Every structure is written in C-alpha cells, then in structure tokens.
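Remarks on the structure that follows.
What you see is a predicted model; the values in this text were computed from it and never measured. Here is the naming used below: chain letters follow the sequence lines, and residue numbers restart at 1 for every chain.
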Amino acid sequence: MMSTFFTLALDGISNSALYFLMAAGLTLIFGLLRVINFAHGGLFVWGAYAATFLYSAMHQFWLSLCAGILIGGLLGWLLERGLLTAVYGDGNQQLLLTMGVLILLSELIEIPFGRDPVLATVPPILHHSWVIDHVTIVAYSLFTIGMGACIFGILVYLLQKTRVGLIIRAGVNNQSLVEARGIPIRRLFTIVFLLGAALAGFAGALAGPYYGSITPSMGMDMQLNAFITVVLGGLGSLSGSLIGSLLIGLTTSFVSYYTPSFAVLANVLLMTLVLLVRPQGLFGEGEIV
Amino acid sequence: MKALLEVENLHTKIGQFSILQGVSLSVCEHTIHVLLGRNGAGKTTTLRTMMGYLRPVPGIIRFEDQELTGIATFRIARYGIGYMPEDHNLFANLTVEENLLLSLPKQDTHVRSQIAKMLDLFPDLRVAWRRPAGTLSGGQRQMLALASVLVSKPRLLLVDEPSKGLSPRFVERIGDALEQLRSETTIVLVEQNFYLAKRIGDYVTVLDEGHTVYSGEMQSFAASDELQKRYLGLQTDKKGGAK
Amino acid sequence: MRPVRLAWLLLSTLFLMGFPFVFGSGGGTSLLEQIFVFGAFAMSYDLLIGYTGIVSFGHAMFFGTGAYAVAIVLSKTGGSTVGLLLGFLIAMTISILLSLVVAFLSLRVRHTYFAMVTLAVGQVFFVLAGSQPLRPLTNANDGISVLTPVWLNSNLAVYYFILIFLAIVTLFLHRFIHSPFGEVLRALRENESRAKALGYRIFHYKTLAFLLSGLIATLAGGMYVVVESFVSTSVYDIGSVSLQVVLMTIVGGVGTLYGGLIGAGIILWLQNELANLAGSYPVFNHAEIAFGVLYVLVVRFLPNGILGTLKGRKGRWRWTSQTFKKSQT
C-alpha cells in the first residue's frame with residue numbers, strides 16, 4: 001500500500017514538472033503582457049513533435065531537447081510579432097486569436113505526422129528503473145523532475161537577481177512607468193513571450209519520452225491542465241504555478257490510478273474548491289515571484 | 001535666452017474628447033515653469049503628450065533641436081526627460097533600492113554616487129532602503145518617486161502634483177528639493193498648491209479648457225491679484241491652495 | 001419595422017417554408033435543418049460574446065447537455081412525446097444549475113478566467129460522457145441512437161419543427177436584446193466601470209445573460225437529437241462544437257444576432273462541400289485546416305464579421321473590447 005503511494009507520488013511530481021513548465025510560461029506572459037496565451041498547448045505539441053522527430057532521426061537526446069526549445073521559441077516569436085502586437089489591449093481579440101492559433105497548430109502538425117500516436121523513445125542513458133521496497137523509481141521521471149526544478153531555479157534567479165528580471169517585475173506592476181524610465185517595454189514583451197513559448201516547447205520535448213507516445217491532441221489536454229494549474233495557483237504568480245502544478249500533478253497521478261477518465265474531473269473539482277474560497281487563486285496577482 | 005523646450009499649438013484627443021485644443025509654452029533652461037489651471041484644464045494631458053503617451057494632432061514639441069512628436073515614450077525618456085506622474089509613480093512591488101536602480105542604465109558607472117546623492121537629498125529613504133515601495137508612507141512615496149526620476153540626471157523634469165495629499169511639512173521639503181535642483185536641471189511643474197507654486201516658480205503658464213490662456217513670469221503673476229482672480233478664480237485675500 | 005427589412009423577412013420566411021416542397025427532403029433540406037440548429041446555437045453564443053462581451057470556450061457544455069438529456073430520456077421512454085418534453089425539461093434544469101455554478105466560479109474575478117474555466121468544464125463533460133463508469137447512462141463512446149415520437153418521423157415534420165423552434169428563438173432574442181435589460185448589457189459591454197458607477201450589479205447581469213445563453217444552447221442541443229436521432233461524445237467536443245460556434249458567430253458578425261445564423265449557414269455549407277470533395281480527392285482530407293486559417297484571418301482582419309462589416313459601412317458599430325490596463329494613470 002505504502003509502496004503504491006510512493007510510486008504514485010513520484011509519478012505525480014514528475015507530472016507536476018511538466019505542468020509547471022507550461023504554467024510558468026503562461027503566468028510570466030500573463031503577468032507582463034496581460035495576455036492569456038491559449039496557443040500555449042500548440043507550442044507544446046510542436047515542441048514534442050520536433051524533439052521526437054529529431055531524436056528518431058539522429059539519436060541525439062540533448063539535441064532533440066534543444067530542438068523543442070527552439071521550435072517553441074521560434075513559433076512564439078512569430079506569434080507575438082506577427083499577430084499579437086496588433087491586438088494588445090483588446091482582451092477578447094487576444095483570447096480568440098490565440099485560441100485560433102492553437103487549433104491551427106494542432107491541425108498543421110497532422111499533415112506530416114497524421115492523427116495517430118507517434119512513438120517517442122526514452123534515450124538509453126535514462127532508460128532505467130529501480131524497484132526499492134516495491135517502490136518503482138523511473139530514471140526518466142527523476143530526470144523530468146530535475147529539469148523542472150532547474151527551470152524553477154533559473155526563473156527565480158532571473159527574476160530576482162538580474163536586470164531583465166527587475167524590469168519584468170517592474171513591468172508587471174506598472175508598464176507605462178517602465179517606459180518613462182527609458183526602457184522599451186514592447187521589446188520586453190517579445191522577450192518574455194519568447195521565453196514562455198520556449199518553455200512550452202521544452203515541456204513538449206520532455207513529454208514525448210515521458211508519455212511514450214505523442215498525438216496532435218495532447219496539446220489541448222496539456223493546455224487544460226496548465227490552465228487549471230494557473231487558475232488554481234493564481235495567474236501571474238510563479239510560486240502559485242509551482243504549488244498549483246504540484247497539486248494538479250499529484251491529483252492526476254492518484255486519480256488516474258483508480259479511474260483514468262476522472263482525472264480531469266478531479267482537477268476541475270479541485271479548482272472549483274479553490275475558486276470558491278479564493279476567487280483570485282491561491283496566490284494573488286501583483287507579485288510575480 | 002534660448003528655450004530648452006518649445007511646445008506649440010498642442011491638440012490632443014483622448015477617445016472622442018478633445019482635451020487639448022491649443023496649448024503652447026516655452027521653457028528656458030534652469031528654470032521652474034509652473035502649469036496652473038483648474039481640474040480638467042489639461043495639465044496632466046499636456047505632460048502625458050510631451051512624454052509620448054498620447055499623440056498630438058496637430059502640435060509640435062521640440063526639445064533642444066529634437067522634434068519629439070510621434071516618438072516612442074522610452075526614446076523621449078532617453079533624450080533626458082524625466083517624468084513623475086501624479087499617481088502610480090513608483091513600483092509598489094519593488095524595494096526602494098530597486099526603484100532607484102531601475103532608472104539607471106546598466107552601463108552607468110556612477111550608479112553608487114548617483115544613489116548616494118539621492119539619499120543625501122532625501123534622507124528618509126535611507127531607513128526604508130530594503131522595504132517594498134508599497135509599504136512607505138505618503139510622504140516617503142513622493143520622495144522616492146521624485147528620487148527615482150532624478151537619479152538618472154534628467155535635463156528636463158516633468159513633475160505632476162508632487163505635493164498632492166501631503167502634510168505641510170512634506171510639501172515644504174518637496175519644495176526645497178525642487179528649488180535646489182534648479183541649478184542642475186529644468187522643471188515643468190503641475191501644481192494645485194498655489195502657495196508652493198508661487199514660492200518656487202520662475203515662470204507660469206495657465207491652461208483653461210485645453211488652451212493656454214496666460215504665460216509670463218511668476219513674479220508679476222504672483223504680484224497681481226487681478227491676474228490670479230481672472231485666471232484661477234482665486235480670492236484675493238487667500239494665501240493657500242485653491243482649485 | 002422598415003419596409004425593406006420587412007420585405008427581406010417575408011421573403012426569407014417564404015423561401016425557408018417552401019424549400020422542402022421545391023427541393024424535396026434530400027441533402028439540401030437536411031443541411032438546412034443543421035443550419036437551423038447551429039444557427040440558434042450561434043445566436044445564443046452571440047448573446048454572450050457580442051452583447052455581454054465575455055468569451056466562453058466551452059459552450060458545448062450546454063449544447064451537449066441538451067443533446068444528452070433529451071437523448072437519454074427519449075431512449076428510456078421509448079420515444080414518446082412525454083419523453084421528449086421531459087427530456088427538454090430536465091435539460092433546462094441542468095443547464096440553469098450549470099450556468100449558475102460556472103458563473104459563480106469564474107465571473108467574479110475577471111473575464112479572462114471565464115474563458116479558461118469554461119474550457120476546462122466543457123472538457124470535463126466530454127470526458128465524462130465517454131467514460132466507462134457512466135456507460136449505463138451515456139453508452140460511453142458508442143453513443144445513443146434514439147427513437148423520436150411518431151409525429152416527428154417524417155422529414156418534413158422535423159424540418160418544420162426545427163424551423164418553428166428557430167423562429168421562436170430568433171423572436172425571443174430579438175425582443176430580449178431590445179428590452180431594457182438588453183440595453184443595460186450593451187452599456188455594460190461598452191463601459192463596464194461606468195455601468196458599475198451607475199449602480200448596476202454587473203455580476204448579476206452577466207450571470208443572467210450567461211444563463212439565458214446557456215438555456216438556448218441547451219435547447220439547440222436537444223433539437224440536434226431530434227434532427228440526428230443520434231448522440232455521441234462529439235456534441236461535447238471542443239473543436240467541433242465549442243470552437244465551431246465561436247467561428248460561426250464571428251464569421252457572421254459578433255453583436256449582430258442574425259450574424260450567427262449567417263455564419264452557421266456559411267460554415268456548415270462549406271463543411272458539407274469540403275466533405276464531398278474529400279470523398280473524391282484525398283487532398284481535402286485535411287480540409288479542417290481551412291477553418292483554422294479562416295478563424296485566424298477573420299479574428300485578425302475582419303473582427304466585425306460579415307454582418308458587422310456591412311452594418312459598419314452604414315452606421316458606426318464597434319466591436320466589443322475589454323481592456324486590461326492595469327495601473328494606468
């Protein structure tokens with residue numbers, strides 16, 4: 001019984017790492033740009049396919065992770081420069097437009113790869129698992145958790161210790177004043193959007209081997225869980241994303257063990273509970289870290 | 001004397017409303033130029049237009065020989081124009097230190113000396129050094145707001161009602177600080193507190209319903225009860241601030 | 001009503017009433033039935049996005065619930081008229097409860113939460129409808145085939161039944177939008193803080209708009225079962241229902257009411273044509289990409305849709321927008 005618990009918990013935490021990568025990007029982008037990026041799941045799915053394709057062609061794992069980051073960032077850059085700049089300030093247009101891009105990205109990926117699941121293999125170095133006291137420890141899960149923790153550390157460092165981070169925190173509070181200080185806020189918008197998009201691509205690249213196979217529709221599923229995470233944690237808060245992703249990741253893992261199809265239901269119920277008590281999520285807005 | 005800032009015939013719309021319909025003023029170097037006028041006369045809008053937040057159609061804003069109309073806010077700031085808005089004039093989530101650091105470009109080698117100078121000018125900030133700006137008192141906030149504009153050594157300073165909501169003691173100190181700065185920079189000051197305006201202003205421009213209705217030296221404006229009555233609706237025997 | 005508009009109305013009514021007689025009850029008529037159902041659905045959505053200014057990405061939760069409730073009750077009662085009525089009643093009850101819960105959860109803080117929460121809740125319904133534990137009720141992924149009451153067995157009867165439904169919905173929405181309540185909604189959409197200052201309880205107005213919108217969508221979902229005699233999890237699908245209705249509404253014109261009907265017509269007709277083409281040319285198998293492209297292009301370059309753009313030529317009409325300007329002076 002205990003062993004099942006620990007196995008599931010470990011699984012849940014590695015789920016959380018993926019959710020966190022998604023939620024962190026969403027939250028950073030929302031905090032600064034006031035845009036909820038509904039296309040985030042599309043970037044995730046493209047990252048997953050890019051990495052899987054590259055790995056199956058070249059068998060270079062690190063390179064494939066980089067490919068995911070690159071494709072996510074590139075698409076994010078195109079999206080921000082090409083479409084979003086035109087609709088800053090118009091919330092409904094942003095929602096509709098980014099949602100459209102999600103559909104488009106999920107559909108376009110079907111052309112070369114089809115609708116059926118594509119196999120994604122774990123690289124040999126990470127293809128291990130150990131059973132200690134009936135607790136199954138999967139190397140790739142540990143790796144995923146490690147990556148999530150690394151990114152969290154990097155983001156906190158970036159926001160707290162660097163000048164770009166200082167500007168981002170200032171921009172979250174008061175955009176027009178940042179401009180009055182001689183700082184081009186729009187350039188920062190692009191940087192932050194690109195960063196968030198790259199994180200989504202990275203999450204996709206990690207997710208392929210983690211789930212074992214990838215499909216075009218996994219973008220929407222991931223997106224949903226990421227949304228539940230940020231709503232629960234509080235939009236615009238990085239700590240909120242961390243706590244939210246842990247809650248959602250663990251819930252997903254435990255509920256899936258008993259009835260897989262009820263995981264979404266459980267997550268939405270969890271979100272409902274939090275929203276009933278705190279409509280703004282666990283961590284309020286205003287403080288990004 | 002050649003004017004540092006020249007504003008001619010500014011017209012600015014916000015939405016469908018024409019807020020400015022012909023604002024002109026000319027500001028000489030090392031002077032304090034006060035903008036007066038009733039609420040809604042267009043003082044804040046004039047400053048915001050100068051900072052490039054709003055685009056005048058038509059209108060000319062010239063800073064030294066540089067035309068500022070249609071230029072992005074951050075570039076205007078980089079020409080050496082500092083702006084302290086009336087509200088939301090600091091970053092509440094950043095510490096006092098971070099508020100000041102944000103105003104200084106990364107490559108500025110005089111960061112330390114500049115910040116030390118601000119702390120001499122506003123000693124109150126020293127105690128609150130690591131506290132978030134949002135937790136400061138009203139007077140401290142205004143000092144920090146002013147300091148974080150001054151720290152980058154602007155050549156022109158646009159200040160919107162620094163005395164608003166402050167106790168007389170703090171109004172005095174803000175006034176002292178601004179007066180000291182005259183030798184280093186040039187100031188355009190929007191001020192409802194006529195007493196303060198009279199004390200530190202060299203020149204005055206009065207706005208009414210989006211027009212410049214009076215421009216001249218503060219000395220003669222302050223001396224003439226008739227002018228004050230005509231343009232500001234001030235009672236002749238009253239000293240303090242009026243609407 | 002101006003004579004031109006009256007003439008249009010009469011003409012289109014006559015056309016729609018006579019259509020099955022002229023063209024028979026073949027493909028064209030069944031396409032029209034679908035357009036009526038989705039047209040009513042899209043108009044209900046316009047009440048939300050166009051007249052209240054809030055975006056939902058989960059309107060399928062109502063459409064699908066209407067469809068499933070009617071289908072389940074009909075199949076349990078062997079296709080009786082009482083079963084049909086009961087099904088609609090149960091559907092409406094669930095719909096009201098659902099909209100109250102969702103509104104309470106997500107309309108209190110900010111609009112943007114609403115879009116995310118509706119998306120998530122919509123997906124829950126999709127998953128539940130297809131889940132094994134609920135098989136006794138929903139028949140899981142296999143869907144439910146239903147018998148409709150005897151008087152609805154002919155194609156003509158179904159056609160006119162749906163047409164009457166559409167007419168009632170249109171009339172109701174038209175009256176509603178021009179009622180004092182509708183005026184308040186519009187004031188709210190144009191300037192929320194001003195409406196708040198005037199003392200309107202914004203949350204209540206929005207909730208009621210959402211509730212009505214959901215009710216009509218639920219009815220449309222029930223009508224879908226009457227037309228198709230079949231329901232599956234696809235009625236809860238995000239892509240083919242929730243986002244489809246967004247596309248229909250914005251193509252037709254947000255905030256124009258009849259735009260939804262026009263949009264439904266265009267999209268369903270296009271879909272039909274593309275499906276036919278895909279039958280003969282495999283190239284068109286990925287035709288749904290066209291809808292994705294269309295969606296992005298319309299939102300970006302024709303935000304007022306067809307009807308809105310036409311209207312905009314005549315009078316000034318502005319697309320609703322909610323701005324997120326934080327700490328602006």
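The minimum heavy-atom distance linking C:Tyr68 with C:Ser232 is given by the pair OH-C, 3.2 Å. Across every non-hydrogen atom of C:Leu107 and C:Lys206, the tightest pair is CD1-CB, 3.9 Å. What you find for A:Ala24 and A:Leu199 is that their closest heavy atoms are CB-CD1, 4.4 Å. Residues C:Tyr205 and C:Leu185 share a closest heavy-atom pair of O-CD2, 3.9 Å. Heavy atoms only, all atoms of each residue included: C:Ala120 and A:Leu224 are closest at CA-CD2, 3.4 Å. For the residue pair A:Ile29 and A:Val35, the shortest heavy atom distance occurs at CG2-O, 3.6 Å.
For chain A, the option among C:Val246, C:Val121, C:Leu243 with the highest count of heavy-atom pairs below 4.5 Å is C:Leu243.
Taking the ring centroids of C:Tyr45 and C:Phe62, they lie at or beyond the 6.0 Å cut-off.
Looking at heavy atoms from C-beta onward, A:Thr215 lies out of side-chain contact with A:Arg115 at the 4.5 angstrom threshold. Taking the side chain as every heavy atom from C-beta outward, C:Leu48 and C:Thr249 never approach each other to under 4.5 Å. Annotation: side chain of C:Glu273 is not in contact with side chain of C:Leu277 (no heavy-atom distance under 4.5 Å).
Counting non-hydrogen atoms of neighbouring residues, nucleotides and ligands closer than 6.0 angstrom, the CZ atom of A:Phe53 reaches no more than 12 such neighbours.
Using a 4.5 Å cut-off between heavy atoms, C:Phe57 contacts chain A through its side chain alone, with no backbone atom that close. Neither the backbone nor the side chain of A:Asn267 comes within less than 4.5 Å of any heavy atom of chain C. For A:Thr272, the parts sitting under 4.5 Å from any heavy atom of chain C are the backbone and the side chain alike. With a 4.5 angstrom heavy-atom cutoff, A:Ile111 touches chain C via backbone and side-chain atoms both. Looking at C:Leu128, only its side chain comes within 4.5 Å of chain A, counting heavy atoms on both sides. C:Leu247 does not touch chain A: none of its heavy atoms, backbone or side chain, sits under 4.5 Å away. Heavy atoms closer than 4.5 Å to chain C are found nowhere in A:Tyr88, neither backbone nor side chain. If you measure heavy-atom distances from A:Leu276 to chain C, the contacts under 4.5 Å come from both the backbone and the side chain. In this structure, no portion of C:Phe291 lies under 4.5 Å from any heavy atom of chain A.
Side-chain contact check for C:Ser242 and C:Tyr236: no donor-acceptor pair (N or O, by modelled atom type) lies under 3.5 Å.
For the pair A:Arg34 and A:Phe30, the cation sits on the ring face: its NZ or CZ lies under 6.0 Å from the ring centre, inside 45° of the axis.
Along residues 131-140 of chain C, the residues that come nearer than 4.5 angstrom to chain A, judged on non-hydrogen atoms, are C:Ser131, C:Pro133 in order of number. Contacts with chain C (heavy atom to heavy atom, under 4.5 Å) involve no residue of residues 251-258 of chain A.
The aromatic rings of C:Phe210 and C:His59 sit tilted relative to each other, their planes meeting at an angle between 30° and 60°.
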